[in-house]
A.B. asks: 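This is the structure I have questions about; it appears just below.
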Amino acid sequence: MDPILTKYVREPNSFTLDFYVEHEGYAALKAALTKKPDEIIEMVKASGLRGRGGAGFPTGMKWQFVDKKVEPRYIACNADESEPGTFKDHLLMERNPHLLIEGCAIGCYAIGAKVAYIYIRGEFLHVQGILERAIADAYARGFLGKNILGSGFDCDVYMHRGAGAYEAGEETALLESLEGKRAQPRNKPPFPALVGLYNKPTAVNNVETLCNVPLIVSKGAEWFAGLGPEKNGGPKLYCVSGHVKRPGVYETDMKITLRELIDGHAGGVRDGRTLKAVIPGGSSVPVLMPDQLDTQASFDAIQKAGSLLGSAAIIVLDDTTCMVWLAENLLHFYRHESCGKCTPCREGTDWLHKILRRIERGEGQMQDLDLLSSVSANIAGKTLCAFGDAAVTPVTTTLKHFRHEYEAHIKEGRCTLTADWRARHTVGAHA
Amino acid sequence: MSFHPKMAYDATFHKSARTLDETDKGAGPPFAYTAENRARFDQIVKRYPPDRRRSAVLPALYLAQYQQGYITANAIRHVAELLGITRADVEDVVSFYTMFYTKPVGTFVVQVCRTLSCALNGAERVTEELTAKLGITPGQTDASGTFTLVEVECLGACDRAPVVMVNDGWHECLKPEDASRLVDDLRARGESVLSGCHHVVELKKKAG
Ligand SMILES: Cc1cc2nc3c(=O)[nH]c(=O)nc-3n(C[C@H](O)[C@H](O)[C@H](O)COP(=O)(O)O)c2cc1C
Ligand code: SF4
Ligand code: FES
């Protein structure tokens, strides 16, 4: 499939309003404003668009759940993009900001909101600048603001900058953060569609999700659904990183297989190396083994294979990768990012990291492996948000497939796979 | 403080254990926004409903940090007063988010991404090189106050690994062997030596 969302990202001026309008930009908004809001929701439902933020929940359904009896309503666009291995929203916002703005405006019209907040991670200041300029240009041309294109519909889009917190990507934590508090999640239910920002009905949508909305409006739900396998329609951005020759964002439909993405688009693993395992959906999902590479990279097929498509962050690991080291690296992340609201996650991630670190250094004991499983079991399913399950996955999945590597560390008293890209001394997070 | 008597937290950043300096020294010099920042602040609060000024706490703290370099108790008081919330409310936020500094930092805050995709491509070695070059370990500022070295988690540019951020600027594909030169270049020419982000690099190449 030829790229659609990222078709023009390599054009120098792709981020400008003039370029966007010359390439049929804002035509979808114009078309949407001639329809009834419910018709838009029906279209999005019929397209089968599923959320691109991680959970793959149908967007049309989410919009339908938004309580239309309560005013005001909001769209909160999730531009926190912090799942390790994910960098697709980054590219979309940097090179195609008007597509997101158009998606926000159509989304607002559909659910009857007048304001959309784009919550962007604090580190993306350069991207925020591009979006802010794009928003200002859109106001100046009448695509945002009062009485958009003479339709009587008002819509404001504002940027909101986060300040370094992975957990702010969780939808209710994002709303807390938008309200000026710590990014700690709320209990669900009630879901944001009923009680969201400022306790008002809110649709929280990922950047890539909203970017698909203008396509659905202009090209039709059927076209969109027809692009991929059943229930996995539309274009999809894949982020391939790790040990590949050509890491990057690749856009195709979801019929593609992991092998085509990794060996085809990303050029395969580096010369002289072999593939060891693949993390197909961001750091929070189970690994897939080389014999599973012919799995289709769709939400449903990857789930059937025992993992999750998540944020479509494909992290490729070659034979130089020590899987104990990998688990330690990721648990350092989770330990650092746990929001601290619930005990199993706050304490457990710290314990897991400590145990992994001592095993990785060759100071572990065999009973540590049971301890890892037991601590993991006391986190998974026992926490307020999905972070807990995510955090134990690197441990449980490596224990499942690579237990022998853990045992080797303990028996040998050291790591036997010290690749040249690894630290030579204990420094920083490693110390 | 850890909640388990035998499992103290590590010294590195942990959200639950982070506290602010509440001594008189930590309060810092008297603080109020400059006229320019006050005007910016007044613009920003308009984005939120009038009874939800608290929403502006992150942007308000950024303004304070850009003005003074780091967040002090006096800055917290100023922000709290302007937003009509308590100092504890603001402190709660400052102690949670990693991008607010509660102590003075160097002219260049070098933030090395250490998460998986960067680590697989040599980020640990970048940190090693920087540590050796600067004579400080992550979390420290050098004696001259020029460099602060920090390790951060995934920056969302993993195809350009290893990635470092210097203040708000980006530098991508930093090979370990080039890390030391980046320090020299920053010293000599400042942030202009950074590669910038993503396609900016490619577009520059394309344009020649
Ligand atoms: C710990 C955690 C972190 C998350 N981080 C992000 C993120 O960075 N970006 C994102 O779009 N969704 C993230 N999500 C998913 C959101 O909670 C939510 O499902 C999503 O924004 C909904 O939008 P969508 O339906 O368009 O995917 C995260 C979820 C969890 C549990
Ligand atoms: S699971 Fe972890 S991140 Fe989620 S609310 Fe609990 S402590 Fe916070
Ligand atoms: S792992 Fe370094 S930017 Fe994602």
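Chain identifiers are assigned alphabetically (A, B, ...) following the order of the sequence lines, protein sequences preceding nucleic acid strands; residue numbering begins at 1 within each chain. Atoms considered below: every heavy atom in the structure, side chains included; atoms not considered: hydrogens, waters and symmetry mates.
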A.B. asks: Under the ring-ring contact (aromatic ring centres under 6.0 Å, His included) rule, collect the residues that match up with B:His78, sequence neighbours excluded.
C.D. replies: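 Only B:Phe31, B:Tyr33 meet the ring-ring contact (aromatic ring centres under 6.0 Å, His included) criterion with B:His78.
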A.B. asks: Need one label for A:Tyr334: side chain, backbone, both or neither, based on atoms under 4.5 Å from any heavy atom in chain B.
C.D. replies: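 A:Tyr334 has no heavy atom closer than 4.5 Å to chain B.
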A.B. asks: Heavy-atom distance under 4.5 Å to chain B: side chain of A:Thr86, backbone, both or neither?
C.D. replies: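 Answer is backbone: N, CA, C or O of A:Thr86 sit under 4.5 Å from chain B.
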A.B. asks: Closest approach of A:Glu123 and B:Trp170, non-hydrogen atoms and distance?
C.D. replies: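 Here A:Glu123 and B:Trp170 meet closest at O-NE1, 3.2 Å.
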A.B. asks: For A:Lys114, does the NZ atom have more than 12 heavy-atom neighbours from other residues, nucleotides or ligands under 6.0 Å away?
C.D. replies: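 At most 12 heavy atoms, drawn from other residues, nucleotides or ligands, come within 6.0 Å of this atom.
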A.B. asks: So which of A:Pro72, A:Pro84, A:Cys239, A:Ser82 has the largest heavy-atom pair count under 4.5 angstrom toward chain B?
C.D. replies: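 Looking at each option in turn, the highest pair count goes to A:Pro84.
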A.B. asks: Just wondering, do A:Tyr119 and B:Leu58 contact through their side chains at under 4.5 Å, heavy atoms?
C.D. replies: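 Yes; the side chains approach each other to less than 4.5 Å.
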A.B. asks: Can you check whether B:Arg47's main-chain N or O pairs, donor with acceptor, with A:Tyr117's side chain at less than 3.5 Å?
C.D. replies: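 Yes; at least one donor-acceptor contact below 3.5 Å.
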A.B. asks: Can you name the closest pair of heavy atoms from B:Glu153 and A:Arg121 and give their distance?
C.D. replies: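 Heavy atoms of B:Glu153 and A:Arg121 come nearest at O-NH2, 4.3 Å.
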A.B. asks: Quick one: CG on B:Asp92 to CD on A:Gln184, what's the gap to the nearest 0.5 Å?
C.D. replies: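 Here the interatomic distance stands at 7.5 Å.
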A.B. asks: Would you say A:Lys245 has more than 12 foreign heavy atoms packed within less than 6.0 Å of its NZ?
C.D. replies: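 More than 12 heavy atoms, drawn from other residues, nucleotides or ligands, come within 6.0 Å of this atom.
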A.B. asks: So do A:Arg161 and B:Met99 actually touch side chain to side chain, heavy atoms under 4.5 Å?
C.D. replies: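 B:Met99 reaches A:Arg161 side chain to side chain.
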A.B. asks: Is a side-chain N or O of B:Arg52 found less than 3.5 angstrom from the main chain of A:Gly180, in a donor-acceptor match?
C.D. replies: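 Not confirmed, B:Arg52 side chain does not pair with A:Gly180 backbone.
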A.B. asks: Which region of A:Val316, side chain (C-beta onward) or backbone (N, CA, C, O), has a non-hydrogen atom less than 4.5 Å from a non-hydrogen atom of chain B, or is it both or neither?
C.D. replies: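 For A:Val316, backbone heavy atoms alone lie under 4.5 Å from chain B.
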A.B. asks: Are B:Tyr48 and A:Tyr158, when compared by the centres of their aromatic rings, separated by less than 6.0 Å?
C.D. replies: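 No.
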A.B. asks: Would the distance check show the side chain of A:Ser241 and the main-chain N or O of B:Asp159 forming a donor-acceptor pair, the cut-off being under 3.5 Å?
C.D. replies: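 Not a single qualifying donor-acceptor pair exists.
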A.B. asks: Where on A:Ser177 is there a heavy atom nearer than 4.5 Å to chain B: the side chain, the backbone, both, or neither?
C.D. replies: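 Answer is both: backbone and side chain atoms of A:Ser177 are under 4.5 Å from chain B.
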A.B. asks: Given the rule in the side chain to side chain contact (heavy atoms under 4.5 Å, CB included) test, do B:Arg54 and A:Glu179 qualify, once you have shown the distances and angles that lead to the verdict?
C.D. replies: CA-CA 6 Å; B:Arg54 181 178 182 164; A:Glu179 291 184 8; over 6 Å; no
A.B. asks: For A:Arg182 versus B:Ser95, what's the shortest heavy-atom pair and its separation?
C.D. replies: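 So the two residues come closest at NH2-OG, 2.9 Å.
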A.B. asks: Of all the heavy-atom pairs spanning B:Tyr97 and A:Ala183, show the shortest one and how long it is.
C.D. replies: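 Closest pair (atom of B:Tyr97, atom of A:Ala183, distance): OH-N, 3.2 Å.
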A.B. asks: Please tell me if the side chains of B:Cys197 and A:Phe124 come closer than 4.5 Å, counting only heavy atoms from C-beta onward.
C.D. replies: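 No - every pair of side-chain heavy atoms lies 4.5 Å or more apart.
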A.B. asks: Measuring heavy-atom distances to chain A, does B:Ala161 have an atom under 4.5 Å in its side chain, in its backbone, in both, or in neither?
C.D. replies: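 It is neither, since no heavy atom gets under 4.5 Å.
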A.B. asks: Looking only at atom types and distance, does a side-chain atom of A:His243 sit under 3.5 Å from a main-chain N or O of B:Leu120, one as donor and one as acceptor?
C.D. replies: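 Checking the backbone N and O of B:Leu120 against the side chain of A:His243, a donor-acceptor pair under 3.5 Å is found.
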A.B. asks: Where does A:Ala168 contact chain B at under 4.5 Å (heavy atoms): side chain, backbone, both or neither?
C.D. replies: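 When you check distances to chain B, no heavy atom of A:Ala168 falls under 4.5 Å.
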A.B. asks: Is a side-chain N or O of A:Asn329 found less than 3.5 angstrom from the main chain of B:Ser117, in a donor-acceptor match?
C.D. replies: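 Absent.
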A.B. asks: Between B:Tyr62 and A:Ala163, which heavy-atom pair has the shortest distance, and what is it?
C.D. replies: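 Closest heavy-atom pair between B:Tyr62 and A:Ala163: OH-CA, 3.2 Å.
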A.B. asks: Tell me, for A:Asp420 versus chain B, whether the close heavy atoms (under 4.5 Å) come from the side chain, the backbone, both or neither.
C.D. replies: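 Just the backbone, heavy atoms under 4.5 Å.
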A.B. asks: B:Ser55 and A:His160: which non-hydrogen atoms are nearest, and at how many Å?
C.D. replies: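 Minimum heavy-atom separation between B:Ser55 and A:His160: O-CE1, 3.2 Å.
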A.B. asks: Check each atom of B:Leu116 against the heavy atoms of chain A and say whether the ones under 4.5 Å are side chain, backbone, both or neither.
C.D. replies: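 B:Leu116 touches chain A through backbone and side-chain heavy atoms alike.
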A.B. asks: Can you find a heavy atom in the side chain of A:Cys339 that is under 4.5 Å from one in the side chain of B:Phe96?
C.D. replies: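 Yes, side chains in contact.
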A.B. asks: Tell me which of these, A:Ala419, A:Gly122, A:Ala313, has more heavy-atom pairs under 4.5 Å with chain B than the rest.
C.D. replies: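 Heavy-atom pairs under 4.5 Å are most numerous for A:Gly122.
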A.B. asks: Please report the interatomic distance OG1(B:Thr115) to CD(A:Glu337), rounded to the nearest 0.5 Å.
C.D. replies: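 Interatomic distance, B:Thr115 OG1 to A:Glu337 CD, rounded to 0.5 Å: 8.0 Å.
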A.B. asks: Say you draw a straight line from CZ of B:Arg125 to CH2 of A:Trp421; how long is it, rounded to the nearest 0.5 Å?
C.D. replies: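 If we round to the nearest 0.5 Å, B:Arg125:CZ and A:Trp421:CH2 are 12.5 Å apart.
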A.B. asks: Does A:Arg270 CZ have over 12 foreign heavy atoms under 6.0 Å away?
C.D. replies: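 More than 12 within 6.0 Å, yes.
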